[in-house]
Every structure is written in C-alpha cells, then in structure tokens.
Amino acid sequence: MLLRKIVTAAALATAATLLVPAAAAVAAPDRAAAAPAATSTAAATPVIVVGGLSGVAIAYEPLAARLRADGYRVFIYQLPGLGLGDIPASARAFAGYVDQVRAATGAARVDLVGHSEGGLVSRYYLKRLGGTGVVGRYVSLGSPQYGTYVANILKFLGLGSCAGVVACQQMSIGSAFLADLNAGDDTPGAVRYTTVRTIQDELVRPVDNALLHDGSTNVLIQSHCPLRVVGHLGLVLDGTTYTVIRGALTDAPVRPNCYAL
C-alpha cells in the first residue's frame, strides 16, 4: 500500500512539474497552501490540519468540517510536492504558512493537527524552527515519530531506498533525519502534545513508533475501544478518533467515545 501511495504521488508530482515552469514551481506556494482569507467566524484558536504523504487537501475536508462544526477556524495545509521531498524543507514552507494564518486571523497562537508525515513536518517546525512560541497544542495522527519499517521494507524488496522518495527515506527507522529530530526532548516548549495511534495502522509499524516521550499524552484507540477498527487513513475520518482530537484541543481528559460515528 505504501508503494502504491508513493508511485501514485510521484506520478502526480511529476505531472505537476512538467506543467509548471521551473522558476514558478520554486517561487509559488502550493494552491492548497495559499494565504488563507481572514475570518471572524469563531473566537477559538485557529487549527491548521497538516496533510501527510500524497495527502491532497480535499482528503482532510471531512476532519475540517467536524472542527468547523465545533466552532473552530480551520485551515488545511497540503505539503509542498505532496510531501515527497525533504521534510525539513516542507517544515520551512509550513513556517511561512503559519505566519500567514496568524496574520489573516489576528491570532497569537495556532493549534496543529498533523496526519502521518504532517505530524513530522509540524514537529520539526516546533523543535527546529522556533514554532513553540506560536503553537498552543500539537496533535499527531499516525505519525511515524520514530520511523516505520514499512518504509525500510522497500529496500528489502529490491526497490532501492524508498524508490528514491526522499520523505520516505527520512521516515525509515534509523534515518539521519529521525536521529536529529528525536535527539533531546521530544516535547519542547509549553506546547501540549498529544499523539493518536491505532493497532490497525498498516503504514506505521511498529505502532508504538507513533508515540512521543517526555510528557506527551499518547492515546492508543484500542486501549479505550478494543473493538474499534481504524486504519492509517481512517484516523482522519474516524468518529472516535475525532473525539480524542476535540478533547486534546480543549485540554480535556482523554475520554474517547467508542460509539462516535
């Protein structure tokens, strides 16, 4: 499944590169990451949903709709190049987007909900780019914080190091990127950190590589709801998972609703 995602994303990214002049491709932000329009529909801290590898912005609209229904100002950040490239470079681009959201909304702080690679991009922004000063809460959904052997296995299958996809190489267990990201404190600053993981995650293996240390609230869906079946992509759509996200954004105790749709 990971290989299928990588190949599909690579094809889309290649097509986009062929259609856009090289200079424009470097200078212009992704359409989904353009400056958000100002809004005053809610007083809550704005929430930025950060997509994962090959995650187009529209795939996160159901999650954004749930958040809007709860009164949040929500923005969706699609990773540059669909997240195929260097994660620190994506984080630097994301830092500019956070500034745009704050300028457009007048908010001093934002909250982040990152899915898969989006959680790593967000965390690099917090740990290495000074983001802790403007972020109140960080929630990751199935992010390979300590890597995944699903990425490593492509090399075992004779497909090279992640079929040449840089972000996949960086998400491999033992990568230099993860060694740097995980050096020292996992949860710097005054940010409230929450991770959400699921036993059925087919892309993050081992599953516990999706949690953080040093004071993070780490939620395994099946520890609270043993019969709940949630896959990697399902973390974005699942009702029980959303109740965890909503609780994290309000600093509430972890009480997942096992029957939420």
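Keep in mind it's a predicted model, so treat the numbers as computed, not measured. By convention here, the first residue in the shown sequence is residue 1.
The shortest side-chain heavy-atom distance between Leu220 and Ile199 falls under the 4.5 Å cut-off. Side-chain contact between Leu181 and Leu120: present, with at least one pair of heavy atoms (C-beta onward) separated by less than 4.5 Å. Counting heavy atoms from C-beta outward, Arg205 and Val207 have side chains that approach closer than 4.5 Å. At least one side-chain heavy atom of Leu67 sits under 4.5 Å from a side-chain heavy atom of Val49. Proximity of Thr148 to Leu203: side-chain heavy atoms (C-beta onward) are nowhere separated by under 4.5 Å. Inter-residue side-chain proximity for Leu84 and Val166 is flagged as unmet; no heavy-atom pair is nearer than 4.5 Å. Side-chain contact between Val204 and Val150 is absent, with no heavy atoms from C-beta onward closer than 4.5 Å.
In terms of hydrophobic clustering, with Ile, Leu, Val, Met, Phe, Trp and Tyr side chains grouped at heavy-atom distances under 4.5 Å, Ile58 and Leu82 are assigned to a common cluster.
Counting non-hydrogen atoms of neighbouring residues, nucleotides and ligands closer than 6.0 angstrom, the CG atom of Leu129 exceeds 12 such neighbours.
Among pairs with a residue in residues 96-136, none fulfils disulfide bond (SG atoms under 2.5 Å apart), at least two apart in sequence or across chains. Sorted by first and then second residue, the disulfide bond (SG atoms under 2.5 Å apart) pairs with a member in residues 205-261 read Cys225-Cys258; sequence neighbours excluded. Sequence neighbours left out, the pairs with a member in residues 250-261 that pass salt bridge (charged side-chain N to carboxylate O under 4.0 Å, His left out) are Arg137-Asp251, Arg192-Asp251. Under the salt bridge (charged side-chain N to carboxylate O under 4.0 Å, His left out) criterion, the residue pairs touching residues 227-240 are Arg228-Asp238, with sequence neighbours excluded. Pairs of residues two or more places apart, or lying in two chains, never qualify as disulfide bond (SG atoms under 2.5 Å apart) while including a residue from residues 173-213. Residue pairs meeting the salt bridge (charged side-chain N to carboxylate O under 4.0 Å, His left out) criterion with at least one partner in residues 241-250, sequence neighbours excluded, are Asp70-Arg246.
The nearest pair of heavy atoms linking Gly52 to Ser116 is CA-CB, 4.3 Å. Here the shortest heavy-atom pairing between Leu178 and Pro144 reads CD2-O, 4.1 Å. Thr240 approaches Asn257 most closely through the heavy-atom pair OG1-O, 2.7 Å. Across Arg102 and Ala108, no two heavy atoms sit closer than the pair NE-O, 3.0 Å. In terms of heavy atoms, Gly119 sits closest to Tyr138 at O-OH, 2.8 Å. Of all the heavy atoms in Cys162 and Ala151, the pair that sits closest is SG-O, 3.6 Å.
With sequence neighbours left out, the side-chain contact (heavy atoms from CB on, under 4.5 Å) criterion links Asn218 to Thr195, Arg197, Leu211, Leu212, Ser216. Partners of Arg109 under the salt bridge (Lys or Arg N to Asp or Glu O under 4.0 Å) rule, at least two apart in sequence or in another chain, do not exist in this structure. Every residue two or more places apart in sequence or in another chain was checked for a salt bridge (Lys or Arg N to Asp or Glu O under 4.0 Å) with Arg66, and none qualifies. Remark: Val254 pairs with Thr217, Val219, His224, Pro256 by the side-chain contact (heavy atoms from CB on, under 4.5 Å) rule, at least two apart or across chains. For the side-chain contact (heavy atoms from CB on, under 4.5 Å) test, residues two or more places apart in sequence or in another chain that qualify with Ala89 are Asp86, Arg92. Residues forming a side-chain contact (heavy atoms from CB on, under 4.5 Å) with Arg128 (at least two apart in sequence, or on another chain): Tyr124, Asp180, Ala183.
A donor-acceptor pair under 3.5 Å links the side-chain atoms of Lys127 to the main chain of Asp185, judged by distance alone. Of the possible polar contacts, none joining the Tyr77 side chain to the Val98 backbone as a donor-acceptor pair under 3.5 Å is found. In terms of modelled atom types and a separation under 3.5 Å, the side chain of Thr105 and the main chain of Val101 share a donor-acceptor contact. Formation of a donor-acceptor pair under 3.5 Å by the Gln169 side chain with backbone atoms of Ser175 is not found in this model. Side-chain atoms of Asp214 come within 3.5 Å of backbone atoms of Asp186 as a donor-acceptor pair (strictly under, hydrogens ignored).
Rounding to the nearest 0.5 angstrom, the gap separating the CG atom in Leu79 from the OG atom in Ser90 is 5.5 Å. Atom-to-atom distance recorded for Leu261:CG and Tyr242:OH is 14.0 Å, nearest 0.5 angstrom. Atoms OH and OG1, on Tyr259 and Thr243 in that order, are 12.5 Å from each other to the nearest 0.5 Å.
Only one option out of Leu235, Val244, Thr198, Asp201 pairs with Leu141 in a side-chain contact (heavy atoms from CB on, under 4.5 Å); it is Leu235.
Side chains of His115 and Ser143: no donor on one and acceptor on the other come within 3.5 Å. Side chains of Gln145 and Ser140: a donor on one and an acceptor on the other come within 3.5 Å.
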query: Given the rule in the side chain to side chain contact (heavy atoms under 4.5 Å, CB included) test, do Gln200 and Gln222 qualify, once you have shown the distances and angles that lead to the verdict?
result: CA-CA 9 Å; Gln200 293 95 12; Gln222 289 75 24; 2.7 Å; yes

task: Apply side chain to side chain contact (heavy atoms under 4.5 Å, CB included) to Val110 and Val47, showing your working.
output: CA-CA 6 Å; Val110 298; Val47 177; over 6 Å; no

field: side chain to side chain donor-acceptor pair (under 3.5 Å) between Glu117 and Gln170, worked out
entry: CA-CA 10 Å; Glu117 183 188 341; Gln170 292 172 331; over 6 Å; no

task: Could you walk me through whether Ile245 and Leu63 pass side chain to side chain contact (heavy atoms under 4.5 Å, CB included), step by step?
output: CA-CA 10 Å; Ile245 297 169; Leu63 173 56; 4.0 Å; yes

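Ring-plane geometry between Tyr125 and Phe94 is classed as perpendicular, the angle between the planes exceeding 60 degrees on a 0 to 90 degree scale with a lower cut at 30.
Taking the six-membered ring wherever Trp is involved, the centroid distance between the rings of Tyr146 and His213 falls below 6.0 Å.
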